[in-house]
Amino acid sequence: MIEMNKATVQYPGTEQPAVNELSLTFQRGEFVCILGRSGAGKSTLIRTFNALQPLTSGTIYVDKQSLHDMSEEEQRQERARMGMIFQHFHLIPRLSVLQNVLTGAFGRKKPIHNLLGRFTKAEKDLALQTLEATGLLPFKNRRVEALSGGQKQRVAISRALMQQPDIFLGDEPVASLDPSTANEVFQLLKQLHEENDTLTFINVHDVHLAKTFGTRIIGMKEGHVVFDGPPEELTDDVYQLIYATEQQV
Amino acid sequence: MWYPRRFIIYAVILVVAVWLSMRVTNFELTNLMNLSNAVEFVINNFTPEAHHWANLPVYLQDSVVTLGMAFLGTFLALVFVLPLSFFAARNTSPARWQFAFSRSGFTFLRAVPEIVFGMVFVVALGLGPFAAVLAILLHNIGVLGKLISELIEAAEDGPQEAMKATGATRRIAQLFAIIPQIWPNVLSHYFYRFEVAIRTSLVLGIIGGGGIGQRLYNDFNSYNYEGVAVAIVVIMVLVLAVDFLGSFVRKRVI
């Protein structure tokens with residue numbers, strides 16, 4: 001579904017690429033957990049999949065089409081079928097839960113309809129369904145500021161579901177949540193992943209979560225992939241390799 | 001020492017600046033002895049009696065004109081500025097030249113005081129509130145343009161990225177991610193400018209812009225100080241009312 005061919009991202013003014021000539025292939029149905037220290041390139045990698053982050057060189061094929069060679073309009077349409085959630089939720093303040101979820105439909109609609117807030121019956125029903133799925137239906141008219149961290153992330157997940165995505169991107173979605181909430185959010189993500197048969201990528205710091213939920217683990221270090229395999233193969237040695245500092249190696 | 005040595009130099013510079021400013025403005029504390037004259041003048045002349053208050057409806061009518069000028073000028077300015085500010089904010093401007101163009105346009109409009117615009121329009125378009133509305137409008141495009149584009153620049157970019165990730169177009173993403181964030185501050189800037197515009201429209205009355213400012217100025221020139229006092233009371237109520245309305249709306253929004 002996604003095929004990377006020597007994909008590289010180098011930020012201007014840095015010596016080392018944040019993502020260094022990665023060539024990986026991902027199939028529908030995989031639940032990929034990406035591990036790595038801060039600055040290892042996890043966020044950059046995940047942002048290349050929906051072209052929020054342009055490549056410096058190399059290519060990424062999404063369903064055989066080169067994502068980064070598309071026009072801005074085509075990229076936008078690709079993005080519309082990839083749901084994304086973030087560490088700090090990035091909800092729109094002062095809007096209600098339901099309004100936030102409805103913005104998930106923006107990618108499929110004409111700008112003028114988005115501007116005027118015109119949604120079809122089907123879209124409204126879908127929004128309510130996604131809230132049902134994340135257990136937030138009773139809160140649909142609450143303002144998002146009034147919610148707890150875990151609830152906010154579930155609003156963000158509903159918004160992503162509203163896109164009816166076949167690729168799901170999570171940029172450290174549980175990094176600002178407490179452990180038990182983090183576990184609940186992961187369970188929800190896994191359940192939705194299975195129901196919708198998506199390709200899911202989650203950046204995560206918690207190895208335990210990655211091993212419990214992931215079907216494939218990627219370990220990143222300084223822009224390189226140092227581990228790529230099923231969770232069973234993630235041994236302590238590999239863990240050391242991913243998280244060790246320069247000095248310790 | 002708990003302060004750096006250079007502070008002594010700053011203090012000396014400030015003292016010299018104060019002394020120089022006093023010299024050029026003929027500021028003399030001894031003149032304050034005559035302040036009692038001013039108090040006496042106000043007490044003797046600015047105490048309207050019943051027959052002065054009988055004119056109140058005329059003053060109220062004029063104050064409605066003033067309110068209309070201030071509202072129309074600032075509100076139209078806000079309507080123009082809301083979309084334009086996105087061009088004048090570094091993070092949302094589509095191109096460098098559009099940023100430079102709109103920013104310098106705002107700076108120019110802001111640099112010209114309302115009274116200068118007012119004098120030009122009174123001459124070109126004739127006496128009356130229309131000239132005053134245009135003057136307030138142009139100056140406030142400059143002021144609100146600067147304030148709102150700076151709010152846009154200070155807005156968090158997380159929601160913008162999230163909106164982009166839903167596949168929304170650039171413009172829609174920016175609009176939806178930014179406007180709700182900055183809205184309360186936009187309103188408080190707007191109501192402050194509205195309040196300022198009421199005071200400005202008084203000054204514009206002096207150059208023939210109409211409204212209660214003109215009435216006040218005419219009363220003053222014809223030694224009708226009681227009338228001036230009535231006008232001042234009406235203006236105070238007006239400004240207070242706008243301030244009250246502003247805080248009411250803001251409270252509803254936040």
Side-chain angles (χ1 to χ4, degrees), chain A residues 43 46-47 49-53 72-96 99-117 143-145 152 155-156 159-165 167-171, chain B residues 78-87 89-96 98 148 151-191 246-254:
Chain A
S43 280
I46 226 164
R47 279 172 170 70
F49 294 146
N50 62 355
L52 285 180
Q53 173 64 52
E72 204 177 317
E73 176 58 24
E74 288 168 320
Q75 279 184 356
R76 193 183 70 68
Q77 284 170 10
E78 285 299 311
R79 236 176 249 142
R81 65 184 189 101
M82 303 187 194
M84 187 165 186
I85 55 175
F86 305 84
Q87 177 180 354
H88 297 294
F89 326 125
H90 294 344
L91 301 175
I92 300 182
R94 256 172 285 285
L95 296 189
S96 72
Q99 287 170 321
N100 262 283
V101 173
L102 283 169
T103 62
F106 276 8
R108 295 195 296 269
K109 293 161 64 67
K110 288 207 183 96
I112 184 73
H113 288 165
N114 292 333
L115 194 64
L116 300 175
R143 280 219 206 159
V144 288
E145 296 96 294
K152 282 181 184 165
V155 177
R159 173 172 68 188
L161 283 179
M162 188 73 198
Q163 295 174 242
Q164 297 183 301
I167 295 171
F168 209 98
L169 308 169
D171 187 18
Chain B
L78 184 68
V79 169
F80 283 121
V81 154
L82 268 181
L84 281 178
S85 294
F86 283 85
F87 292 90
R90 223 174 289 273
N91 51 340
T92 56
S93 194
R96 179 102 203 120
Q98 288 170 347
I148 294 177
L151 288 179
I152 293 173
E153 284 177 356
E156 259 188 86
D157 31 311
Q160 292 174 63
E161 191 178 38
M163 281 296 96
K164 247 185 115 179
T166 66
T169 59
R170 225 177 84 94
R171 213 52 65 74
I172 288 288
Q174 288 171 349
L175 211 62
F176 275 82
I178 292 173
I179 293 278
Q181 274 191 66
I182 65 171
W183 194 237
N185 286 329
V186 168
L187 284 182
S188 68
H189 284 321
Y190 171 72
F191 277 103
S247 47
F248 174 74
V249 171
R250 246 183 76 84
K251 216 171 274 170
R252 287 294 307 264
V253 166
I254 288 177

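What you are looking at is a predicted structure, and each value in this text was computed from that prediction instead of being measured. We name chains A, B, ... by the order of the sequence lines, and we start the count at 1 in each one.
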Q: Chain B heavy atoms under 4.5 Å from Arg94(A): which part of the residue, side chain, backbone, both or neither?
A: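 Side chain only.
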Q: With a 4.5 angstrom heavy-atom cut-off, could you sort out which part of Arg81(A) is near chain B: side chain, backbone, both or neither?
A: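 Neither part.
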Q: Is it true that Glu73(A) and Arg76(A) make a salt bridge, defined as a side-chain N closer than 4.0 Å to a carboxylate O?
A: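 Yes, this pair counts.
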Q: Is it the case that over 12 heavy atoms from other parts of the model lie below 6.0 angstrom from the CZ atom of Arg108(A)?
A: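 Count over threshold, so yes.
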Q: Between Val144(A), Leu91(A), Val155(A), which is the residue that forms a side chain to side chain contact (heavy atoms under 4.5 Å, CB included) with Val101(A)?
A: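 Only match with Val101(A) under side chain to side chain contact (heavy atoms under 4.5 Å, CB included): Val155(A).
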Q: Output yes when a side-chain donor or acceptor of Asn91(B) lies under 3.5 Å from a complementary backbone atom of Ile152(B), and no otherwise.
A: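 Side chain of Asn91(B) to backbone of Ile152(B): a pair is present.
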Q: Heavy-atom pairs under 4.5 Å with chain B are the metric here; pick the option from Ile85(A), Leu52(A), Leu95(A) that has the most.
A: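 Ranked by contacts with chain B, first place is Leu52(A).
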Q: Which bit of Asn114(A) comes within less than 4.5 Å of chain B, counting heavy atoms only: side chain, backbone, both or neither?
A: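 Both backbone and side chain of Asn114(A) come within 4.5 Å of chain B.
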Q: Side chain, backbone, both or neither: which part of Gln160(B) has a non-hydrogen atom closer than 4.5 Å to chain A?
A: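 No part of it gets close to chain A.
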Q: Nearest 0.5 Å please: distance from the CZ atom of Arg159(A) over to the CE atom of Met84(A).
A: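 Reported to 0.5 Å precision, the distance equals 10.5 Å.
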Q: Non-hydrogen atoms of chain A under 4.5 Å away: do they reach the side chain of Arg170(B), the backbone, both or neither?
A: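 Contact with chain A involves the side chain of Arg170(B) alone.
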